[in-house]
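This report refers to the structure that appears directly beneath it.
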There are 2 protein chains.
Amino acid sequence: MAEDTPQLGTRERILRTASLLMQRQGYEGTGIKQVSQEAGATLGSVYHFFPGGKQALAVAAVQHADQEFADMLSASLSGEADPAKAVAACARALAGHLRDSGWVDGCPISATALETVGRAPEIEQAVAQAFQHWRDLVADTLREAGFPEDDARDLAITIINTLEGAELTAQVFKSETPLLVAGEHLARLIGSYRG
Amino acid sequence: MAEDTPQLGTRERILRTASLLMQRQGYEGTGIKQVSQEAGATLGSVYHFFPGGKQALAVAAVQHADQEFADMLSASLSGEADPAKAVAACARALAGHLRDSGWVDGCPISATALETVGRAPEIEQAVAQAFQHWRDLVADTLREAGFPEDDARDLAITIINTLEGAELTAQVFKSETPLLVAGEHLARLIGSYRG
DNA sequence: GTCTATACCCCGATAGAC
DNA sequence: GTCTATCGGGGTATAGAC
């Protein structure tokens with residue numbers, strides 16, 4: 001675990017560590033003791049900042065990951081004028097990042113999502129908000145490029161879904177191919193609405 | 001938990017129960033004691049049939065889910081002559097099944113996959129084999145419909161990925177929409193290769 | 001093959017001194 | 001805000017009678 005810059009506040013360090021560990025190990029696989037140790041904090045501090053316990057920590061970690069991923073998404077999407085090219089570039093960026101991490105840093109919240117769906121409503125809601133947030137960023141990009149409202153909304157749904165699935169598959173196969181192919185297919189799909 | 005038909009062998013009961021629980025709760029969230037209880041077996045029986053412990057049980061459960069899902073996929077794909085329509089029908093079938101389960105029975109192995117990727121090689125390999133198996137079924141369907149080898153292979157990758165991501169998203173939003181939209185977009189993508 | 005008992009460990013959570 | 005000690009429970013896994 002990378003030591004975070006020491007001038008970071010304790011709460012922030014706990015949050016980042018929890019978010020990273022839950023990305024890699026999921027909700028059930030991540031212990032509060034492990035979070036406190038790798039964050040360089042004590043167990044008491046964790047419960048001081050997150051009195052709601054593990055669930056509250058997970059909600060905050062998901063929200064933190066939401067913002068981080070949204071920032072990366074925005075940067076990727078604004079790099080190209082053509083949204084089809086922008087989405088393909090985004091897929092390539094995700095593939096590179098995944099490979100650089102040794103195939104462990106995929107979607108920051110999908111493991112937690114799958115473990116808690118239908119079983120921990122507060123976490124589930126935070127996950128839904130994140131997905132909706134990312135969708136909206138994509139839909140906005142499409143709308144600004146001139147796509148009609150309905151097409152933009154539907155395309156945004158599929159774009160996020162497909163990247164999600166491709167990232168999972170890329171992790172399992174330890175290969176960039178699923179993400180790269182997904183990027184090209186999504187560009188093709190977007191292009192098919194242009195004609 | 002539905003009581004399985006009692007004439008089923010103990011090993012088979014354990015396997016089905018483990019597969020179902022890991023589908024809903026993931027690998028880390030599913031305990032061997034819970035599996036044994038809900039399967040109507042004793043803890044000793046579980047270790048009798050799966051001396052490798054929890055990891056070996058998970059590998060067998062993933063392989064079991066692989067076969068079950070492959071059967072459902074084959075049935076869906078062979079229901080329509082046009083592969084574009086067949087994939088859309090498959091998405092609708094998944095959506096209906098997911099809804100009927102109260103949004104808990106999504107992809108049977110993705111939770112386990114995300115929790116164990118890079119951390120439990122044997123389970124990871126079983127997951128990769130399942131994904132490859134499903135891909136091959138789709139690729140075969142496309143090839144039989146006259147698609148060139150390369151296109152069939154790439155399309156199969158994206159089709160499985162997209163269904164995977166759409167199922168996750170449908171669970172989180174408790175809505176059939178992501179799967180239905182994915183089905184239509186995949187049909188459109190397949191159609192775009194028809195010239 | 002089935003069952004019970006148990007060893008050993010780590011989990012989430014709390015209490016209370018500082 | 002930080003830290004230590006600890007509680008109660010559940011986790012995986014094993015031993016050995018039947």
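Proteins come first, then strands; the chains are lettered A, B, ... in the order of their sequence lines, and each starts at number 1.
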- prompt: Mind checking which nucleotides bracket the chain A contacts on DNA chain C, 5' to 3', with an atom under 4.0 Å from a heavy atom?
  reply: dC11(C) to dT14(C)
Worked verdict on Glu149(A) versus Arg153(A) for salt bridge (Lys or Arg N to Asp or Glu O under 4.0 Å): CA-CA 6 Å; Glu149(A) 174 64 28; Arg153(A) 207 195 52 232; 5.2 Å; no
Heavy-atom side-chain proximity of Glu124(B) to Arg119(B) below 4.5 angstrom: no
query: Is it true that a side-chain atom of Arg13(B) and a backbone atom of Ala39(B) form a donor plus acceptor pair closer than 3.5 Å?
result: yes
field: Backbone of Leu73(B) reached by a side-chain donor or acceptor of Ser76(B) within 3.5 Å
entry: no
- prompt: Which is it for Phe49(B) and Leu15(B) under the side-chain contact (heavy atoms from CB on, under 4.5 Å) test, yes or no, and what are the steps along the way?
  reply: CA-CA 10 Å; Phe49(B) 287 109; Leu15(B) 211 47; over 6 Å; no
message: Classify the ring geometry of Tyr193(A) against His185(B): parallel below 30°, tilted from 30° to 60°, perpendicular beyond 60°.
response: perpendicular
query: Sequence neighbours excluded, which residues qualify as side chain to side chain donor-acceptor pair (under 3.5 Å) partners of Gln25(A)?
result: Thr30(A)
Taking N or O atoms only and anything under 3.5 Å, show me the protein contacts with nucleotides 10-14 of chain D, one pair per line.
unit_1, atom_1, unit_2, atom_2, d
dT12(D), OP1, Ile32(B), N, 3.4
dT12(D), OP1, Lys54(B), NZ, 3.2
dT12(D), OP2, Ile32(B), N, 2.9
dA13(D), OP2, Tyr47(B), OH, 3.1
dA13(D), OP2, Lys54(B), N, 2.9

